[in-house]
Amino acid sequence: MAKVLTSREENYSQWYNDLVVKADLAENSAVRGCMVIKPYGYSIWEKMQAQLDKMFKETGHSNAYFPLFIPKSFFSKEASHVDGFAKECAVVTHYRLRNAANGKGIEVDPDAKLEEELVVRPTSETIIWSTYKNWIQSYRDLPLLINQWANVVRWEMRTRLFLRTAEFLWQEGHTAHATREEAIEETEKMIKVYAEFAEDFLAMPVKIGVKSENERFAGALETYCIEALMQDGKALQSGTSHFLGQNFAKAFDVKFLNKEGKQEYVWATSWGVSTRLMGALIMAHSDNNGLVLPPKLAPIQVVIVPIHKSAEQLNQISDKANEIMKQLKQRGISVKYDNSENQKPGWKFAEYELKGVPIRLAIGPRDLENNTVEVARRDTLTKSVMSLDNIDQSLETLLAEIQENIYNKALKFRDENTYQIDDYQEFKKCLDDRGGFILAHWDGTKETEEKIKEETKATIRLIPIDAPYEEGKCIYSGKPSYKRVVFARSY
RNA sequence: CGGGGUGUAGCGCAGUCCGGUUAGCGCAUCUGGUUUGGGACCAGAGGGUCGCAAGUUCGAAUCUUGCUACCCCGACCA
């Protein structure tokens, strides 16, 4: 087989880059740091969107849309928020171009300078809370549960397709509540929605927890997150949910009249997942033959490849393929029949493996005689021959099995790469040799976390919310600690 | 943003050091034929402002300067 991918063992990041491009998911664009998401990649994103959107609606949220541009002054209203984002904001300063004086090309018209510069949103808390001020007067207006699907811009120095790009697509939920308790409950509810989505659809096990102060979202009192382990032993933050307290309510003066007739500041949350999930999906499951997609997110779940010598044979195979397609479609299974003459079957086999199609059917003259079909699984790369009787039922079952198998494989990998470590030398050695999640004691101080980061490049990925009480000593300082936190090197 | 590398046909590359016919090769594409159970074969054809812009020169893919994009390593971040 012709080699199209760099192998994981040879160069993991090159493997990732090759895969994104060769599987037709995305490519770099003419704009620095920005990607073009190609149709095949975008259709995976659309599947993610559809499912998440459904889950948001089920939990009572409605979609809305807020502007891309945010007046600069809004940004400075919440001090820690501006600190967090100031270094990576794109700013619009002018609103007009003109023909260049020398007659060549165009230039920014210096006379068209904006009175107030506009920040291209890196996130929308400020524009949304300035709006919520007008929407909220009474406790009867609460809770306010809004989500928006949008693009945001963070001017990153170093970008990688899907994992970190200057512009990316995401959803951001922004909710307003009457009480602290209710807001915390919302924050926790949504991180659980993300975890459920990651596990059931991405087939990717995640750990849930809260961020340390260092890693917390700028402007939040508490940041909950889900973290997944990639095949190279690095962690990937895959979703965050923030309890914002009353910080934004105070910054934008959003108050409500409670049942007792008193003015109170509103309690806030925000939560988001992005096209980074595409990166997670790729790095969680794929192999040296290409993408491995969980059936629930695969744009094509079943592909049928005909194998024939004569045109007459092809006709017979096509009849059979059409029958199968009809049955599969009735079950809501997406299926493609690739009868193109351009490529030989072998080429097609490799191509659909590269693209991660979960099941491939091959039908040839032998199958016509025996009323069978050759079924190849992408997750195990195994082939078997199945009867065409009830093939739709068999394949539906197989898709579910593949979904489960992919999850179990990822779970096994994560468990095998999660270590309890109590010795700092061993901690460092583990990071260098194997990576993975390291459960270790930490004294709870910022200073210790920063020292560890400096010396090992590992950060606290999360503090588990359900960690058992366990007396121990901080791996770095030796001070007392009562639960283990999760360390890892991360993306 | 710092250090290093790369940019020549859709893709992968040679040519650049040491300037000089008409800029090559493989894959892909198109045409015709033979093929088809794991990336087929033969024959022919099309496709290039050599990343962009200046400069040096009789002459630039090749030398000089600036810019730009991508890749790798750092710092920063989802």
Side-chain angles (χ1 to χ4, degrees), chain A residues 1-6 11-14 16-18 21-22 27-35 83-89 104-105 122-123 152-170 172 194 211 214-218 223 225-228 235-242 270-280 289-290 305-311 313-314 317 339-354 360-370 372-376 381 383 385 453-454 457 459 461 490-491:
Chain A
M1 191 169 90
K3 192 185 122 183
V4 286
L5 286 179
T6 304
N11 183 340
Y12 190 85
S13 30
Q14 191 61 48
Y16 175 84
N17 291 333
D18 281 1
V21 173
K22 300 274 167 57
E27 60 188 33
N28 283 300
S29 70
V31 186
R32 183 197 196 98
C34 295
M35 65 179 162
D83 280 352
F85 287 104
K87 283 171 291 182
E88 50 190 37
C89 285
K104 282 182 187 170
T123 178
V152 284
V153 170
R154 297 180 189 174
W155 214 259
E156 298 291 348
M157 307 211 172
R158 199 171 153 193
T159 59
R160 295 194 64 193
L161 292 169
F162 289 120
L163 297 175
R164 176 165 294 107
T165 47
E167 180 192 13
F168 56 92
L169 305 183
W170 77 346
E172 44 180 327
Y194 289 154
K211 286 295 186 191
N214 280 344
E215 302 282 324
R216 200 177 286 156
F217 175 73
T223 288
C225 64
I226 52 171
E227 294 276 334
L236 184 74
Q237 178 174 306
S238 308
T240 50
S241 180
H242 315 291
S270 69
W271 28 273
V273 294
S274 71
T275 37
R276 179 178 246 204
L277 286 178
M278 294 286 294
N289 290 328
V305 177
I307 292 155
H308 63 282
K309 290 199 165 64
S310 65
Q313 270 176 354
L314 179 61
I317 292 166
N339 62 350
S340 62
E341 295 283 338
N342 301 348
Q343 276 89 25
K344 289 185 59 173
W347 192 94
K348 293 176 186 174
F349 293 174
E351 179 68 10
Y352 291 109
E353 269 163 27
L354 185 59
R360 182 188 71 237
L361 304 182
I363 309 177
R366 284 208 298 270
D367 298 301
L368 288 180
E369 275 176 37
N370 303 331
T372 57
V373 63
E374 183 191 84
V375 180
L381 293 168
K383 291 192 280 199
V385 174
K453 185 177 177 183
E454 244 170 66
K457 290 179 200 155
T459 50
R461 297 322 301 157
S490 73
Y491 278 95

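Here is the naming used below: chain letters follow the sequence lines, and residue numbers restart at 1 for every chain. Side chains are part of it too, since the values below use all heavy atoms of this structure and drop only hydrogens, waters and symmetry mates.
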> So which nucleotide does B/C1 pair with, by the Watson-Crick or G-U wobble rule with both distances under 3.5 Å?
Replying inline: B/G74
>> Angle between ring planes, A/Tyr194 versus A/Trp271, binned at 30° and 60°: parallel, tilted or perpendicular?
In response: perpendicular
>> Is it the case that the base of B/G38 and the side chain of A/Glu353 share a donor-acceptor contact (distance under 3.5 Å, atom types as modelled)?
In response: yes
> Between A/Asn342 (CG) and B/G39 (C1'), how many Å, whole number?
Replying inline: 14 Å
Could you go through nucleotides 73-78 of chain B and list every protein N or O atom that sits under 3.5 Å from one of its N or O atoms, giving the distance for each pair?
| residue | atom | partner | partner atom | Å |
| --- | --- | --- | --- | --- |
| B/C73 | OP2 | A/Arg158 | NH2 | 2.6 |
| B/C77 | O2' | A/Glu156 | OE2 | 3.2 |
| B/C77 | O2 | A/Arg164 | NE | 2.1 |
| B/C77 | O2 | A/Arg164 | NH1 | 3.2 |
| B/C77 | O2 | A/Arg164 | NH2 | 2.2 |
| B/C77 | N3 | A/Arg164 | NH1 | 3.2 |
| B/C77 | N3 | A/Arg164 | NH2 | 2.8 |
| B/A78 | O3' | A/Gln237 | OE1 | 3.4 |
| B/A78 | O3' | A/Gln237 | NE2 | 3.0 |
| B/A78 | O3' | A/Arg276 | NH1 | 3.3 |
| B/A78 | O2' | A/Arg276 | NE | 3.4 |
| B/A78 | O2' | A/Arg276 | NH1 | 2.3 |
| B/A78 | O2' | A/Arg276 | NH2 | 2.5 |
| B/A78 | N6 | A/Thr165 | O | 2.7 |

> Which heavy atom in A/Ala362 sits nearest to a heavy atom in A/Ile307, and how many Å separate them?
Replying inline: CB-CD1, 3.7 Å
>> Keeping A/Thr159 on the side-chain end and A/Ala166 on the backbone end, is there a donor-acceptor pair under 3.5 Å?
In response: no
> Could you give the CG-to-P distance, from A/Leu368 to B/G37, as a whole number of Å?
Replying inline: 15 Å
> Given the P atoms of B/U68 and B/A53, what is the spacing between them in whole Å?
Replying inline: 15 Å
>> With hydrogens left out and only the distance checked, is there a donor-acceptor pair under 3.5 Å joining A/Lys383's side chain and the base of B/G37?
In response: no
>> Is the phosphate of B/C71 approached by A/Asn28 (side-chain N or O, under 4.0 Å from OP1 or OP2)?
In response: yes
> Rounded to whole angstroms, how far apart are NZ on A/Lys348 and P on B/G38?
Replying inline: 13 Å
> Roughly how many Å is it from CG in A/Leu161 to P in B/A69, rounded to a whole number?
Replying inline: 15 Å
> Applying a 3.5 Å limit to both distances, which nucleotide forms a Watson-Crick or G-U wobble pair with B/G7?
Replying inline: B/U68
>> If we ignore hydrogens and angles and just use 3.5 Å, is the side chain of A/Arg276 paired with the main-chain N or O of A/Leu163 as donor and acceptor?
In response: yes
> Ion pair present between A/Arg366 and A/Glu374, side-chain N to carboxylate O less than 4.0 angstrom?
Replying inline: no
> When rounded to the nearest Å, what value does the distance between C1' atoms of B/C50 and B/G12 take?
Replying inline: 16 Å
> Whole Å only: how far is the CG atom of A/Leu354 from the C1' atom of B/G38?
Replying inline: 14 Å
>> What's the gap between B/G7 and B/U49 when it is taken at their C1' atoms, as a whole Å value?
In response: 16 Å
>> Partner lookup for B/G55, please. Criteria are Watson-Crick or G-U wobble with both distances under 3.5 angstrom; report none if nothing qualifies.
In response: B/C63
> Which nucleotide, in any strand shown, forms a Watson-Crick or G-U wobble pair with B/G47, with both distances under 3.5 Å?
Replying inline: none
> With both distances kept under 3.5 Å, what pairs with B/G32, Watson-Crick or G-U wobble?
Replying inline: B/C42
> Looking at residues at least two apart in the chain, or sitting in another chain, which of them share a salt bridge (Lys or Arg N to Asp or Glu O under 4.0 Å) with A/Arg160?
Replying inline: none
>> At 4.0 Å (heavy atoms only), tell me whether A/Gly33 reaches a base, stays on the sugar-phosphate, or touches nothing.
In response: sugar-phosphate
> B/C70 phosphate, OP1 or OP2: any side-chain N/O from A/Asn17 under 4.0 angstrom?
Replying inline: no
> Taking CD from A/Glu341 and P from B/U29, how many angstroms apart are they, rounded to a whole number?
Replying inline: 14 Å
>> Rounded to whole Å, please give me the gap between CZ in A/Phe349 and P in B/A40.
In response: 11 Å
> Hey, does A/Pro306 reach any base, or is it just sugar-phosphate, or nothing, if we go heavy atoms under 4.0 Å?
Replying inline: nothing
> Is the number of heavy atoms from other residues, nucleotides or ligands under 6.0 Å of A/Trp170 CH2 greater than 12?
Replying inline: yes
>> If I pick the P atom on B/U21 and the same atom on B/U62, what distance separates them, to the nearest angstrom?
In response: 14 Å
> Taking the P atom of each, how far is B/C77 from B/G19, in whole Å?
Replying inline: 49 Å
> What is the distance from CE of A/Met35 to C1' of B/A69, rounded to the nearest Å?
Replying inline: 17 Å
> Under a 3.5 Å cut-off for both distances, is B/C13 Watson-Crick or wobble paired, and to whom?
Replying inline: B/G24
>> Let me spell it out: for each of A/Ser29 and A/Ser310, pick the nucleotide of RNA chain B with the closest heavy atom. Which residue's pick is nearer the 5' end?
In response: A/Ser310
> Which pair of non-hydrogen atoms, one from A/Leu277 and one from A/Ser238, has the smallest distance, and what is that distance?
Replying inline: CD2-O, 3.3 Å
>> Using a 4.0 Å heavy-atom cut-off, does A/Arg360 contact any base of the nucleic acid, only the sugar-phosphate backbone, or nothing at all?
In response: base
>> Could you tell me how far B/U16 sits from B/C72 if I compare only their P atoms? Round to whole Å.
In response: 28 Å
>> Using atom P in both nucleotides, what's the gap between B/G44 and B/C27 to the nearest angstrom?
In response: 14 Å
>> Rounding to an integer number of angstrom, what distance separates B/G5 and B/G10 when you compare their C1' atoms?
In response: 24 Å
> Taking all non-hydrogen atoms of both residues, which atom of A/Gln343 and which atom of A/Lys348 are closest, and how far apart?
Replying inline: O-CE, 3.4 Å
